[in-house]
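First comes the structure, then the notes that go with it.
Numbering of ligands and ligand atoms starts at 1, following listing order. Along the sequence shown, residues carry numbers from 1.
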Amino acid sequence: MNIGIVCYPTYGGSGVVATELGTALARRGCRVHFISYAVPSRLDRFQENISFHEVEIPSYPLMEHQLYTLALAGKIIDVARYEQLDLLHVHYAIPHAVSGYLAQQVLRRDGIRLPVVTTLHGTDITLVGLDPGFHPLVKFSIESSDAVTSVSSYLRDRTMQLFTDRNSIEVIPNFVDTTIYDRARYDTSALRKQLAGDASVLLIHVSNFRPVKRVTDTIHILAAVRQHGLDVRLVLVGDGPDRAEAEKLCRSLNLCDHVRFVGKVMATAELLSAADIFLLPSQNESFGLAALEALSCGTPVVASNVGGIPEVVPHGQAGYLAEPGDVSRMARYCIELATNAKKWQRFSTAARRHAIENFSTERVVPLYERLYRQLIEQAV
Ligand code: GMT
């Protein structure tokens with residue numbers, strides 16, 4: 001199969017999933033064409049069967065704003081025509097599904113059939129797509145796509161409540177390469193020492209530091225765990241709009257020596273494997289890919305009981321869930337795991353098993369391949 005993939009190249013879950021999917025498909029023999037305005041952040045080396053097509057955005061004095069949606073549609077048309085794509089898979093509805101639809105209609109006039117799959121990831125439905133100016137476009141593009149997938153049942157149900165009664169949204173969960181995200185693969189003793197010194201507990205959080213992630217809650221959790229008398233450190237991985245506020249909070253709580261901001265890191269497996277507990281106190285989360293990567297590393301998760309997180313993190317088995325903002329309960333859960341080695345080990349083993357059994361690349365990628373084949377067969 002010859003597949004076009006459209007995604008955001010930035011440090012965010014939808015781009016990571018799209019890149020990991022394209023990489024896995026390429027390893028399994030598909031030809032994969034990434035189409036975006038920059039090389040996706042995890043596409044960091046040459047790989048057989050993968051090419052990247054950059055969307056260049058023309059500027060002209062008359063135009064004050066960039067025409068990305070149109071430039072993307074134009075690039076899709078070009079790649080589909082000259083690389084003879086069998087199918088286009090767009091990740092994140094806005095504006096990718098709209099550009100995909102537009103390209104599809106232009107190609108149809110020339111007798112070229114290009115099935116379009118749209119994968120909904122989260123805020124394209126729960127936040128950005130709800131903007132009154134975008135809502136009709138998102139609804140239209142969901143209803144016009146040849147297939148729509150969502151990364152969790154929660155997101156499928158929200159989409160049907162908020163946008164459409166299209167009942168053929170298929171849930172295909174996000175996945176993880178369990179051979180890379182595996183603590184058995186790394187000797188993390190030196191890294192652990194660097195990050196945590198001799199502290200007995202290391203907490204970690206990975207995100208793009210947007211308000212929805214509630215990054216400052218991780219610092220309040222750290223403070224509460226410390227009050228209990230535990231020697232604990234927190235590593236914050238990533239960057240984004242709330243970083244300055246998080247740094248300010250560390251200063252005001254006098255916690256700067258206990259919190260390490262490591263910035264954006266693409267390869268997080270070793271960091272996750274060096275930690276004891278992963279924190280994800282988000283206000284909302286359609287899936288929580290970073291939590292899945294932590295589970296695969298055998299790192300139990302303490303997270304919010306919202307959105308699709310309960311589908312990823314089994315409460316009381318591989319982690320604990322609490323209401324968003326309930327930092328004292330999240331801290332109590334951390335203390336429980338940090339002070340009961342047997343329980344931590346049980347959770348760690350269950351976390352890894354859960355990731356392998358339900359969310360491995362080998363299990364999930366064939367679901368996309370099957371969907372692609374069905375649509376390509378229908379199109380001929
Ligand atoms: O940052 C992105 O690339 C998209 C982002 C979002 O806000 O929509 O992340 C979403 O997609 C990820 C990959 O499917 C999910 O793991 C995240 O849970 C989801 N984020 C939210 O729902 C807030």
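Close contacts of ligand 1 with G288, meaning ligand atoms under 4.0 Å from a residue heavy atom, involve 15 (C), 16 (O), 17 (C), 18 (O). Below 4.0 Å from some heavy atom of N174 lie the following atoms of ligand 1, by number and element: 13 (C), 14 (O), 16 (O). Every atom of ligand 1 with a heavy atom of G12 under 4.0 Å away is listed here by number and element: 1 (O), 2 (C), 3 (O). The atoms of ligand 1 that sit less than 4.0 Å from any heavy atom of R210 are 1 (O), 5 (C), 6 (C), 7 (O). Within the listing of ligand 1, atoms 1 (O), 2 (C), 3 (O), 12 (C), 13 (C) sit less than 4.0 angstrom from a heavy atom of G13. Within ligand 1, the atoms closer than 4.0 Å to a non-hydrogen atom of G122 are 8 (O), 22 (O), numbered from 1 in the order shown. Remark: ligand 1 atoms within the under-4.0 Å shell around heavy atoms of L289 are 16 (O). Counting the atoms of ligand 1 from 1 in the order shown, those under 4.0 Å from a heavy atom of N208 are 1 (O).
Aromatic pair H96/Y8: centroids less than 6.0 angstrom apart. Checked against a 6.0 Å centroid threshold, the rings of H53 and F34 do not count as neighbours.
Ranked by closest heavy atom to atom 20 (N) of ligand 1, the top entry among E285, E293, H91 is E285. Distances from atom 7 (O) of ligand 1 to the heavy atoms of T123, L292, L155 put T123 nearest.
For the pair H121 and ligand 1, the shortest N or O to N or O distance falls below 3.5 Å. Taking any N or O of D124, backbone or side chain, none lies under 3.5 Å from an N or O belonging to ligand 1. Annotation: F287 places an N or O atom under 3.5 Å from an N or O atom of ligand 1; distance criterion only.
Donor-acceptor pairing under 3.5 Å is lacking for the side chains of R183 and T188. D146 and Q104 share a donor-acceptor pair across their side chains, judged by distance under 3.5 Å alone. In summary, the side chains of S286 and S152 do not present any donor paired with an acceptor at a separation below 3.5 Å, with no hydrogens or angles considered. Side-chain contact check for Y333 and D326: no donor-acceptor pair (N or O, by modelled atom type) lies under 3.5 Å. Side chains of H121 and N174: no donor on one and acceptor on the other come within 3.5 Å.
Between the side chain of D276 and the main chain of L202, a donor-acceptor pair closer than 3.5 Å is present.
Remark: E245 engages no residue in a salt bridge (charged side-chain N to carboxylate O under 4.0 Å, His left out) (not counting sequence neighbours).
The residue Y8 has no part lying near ligand 1, judged by heavy-atom distances below 4.0 Å.
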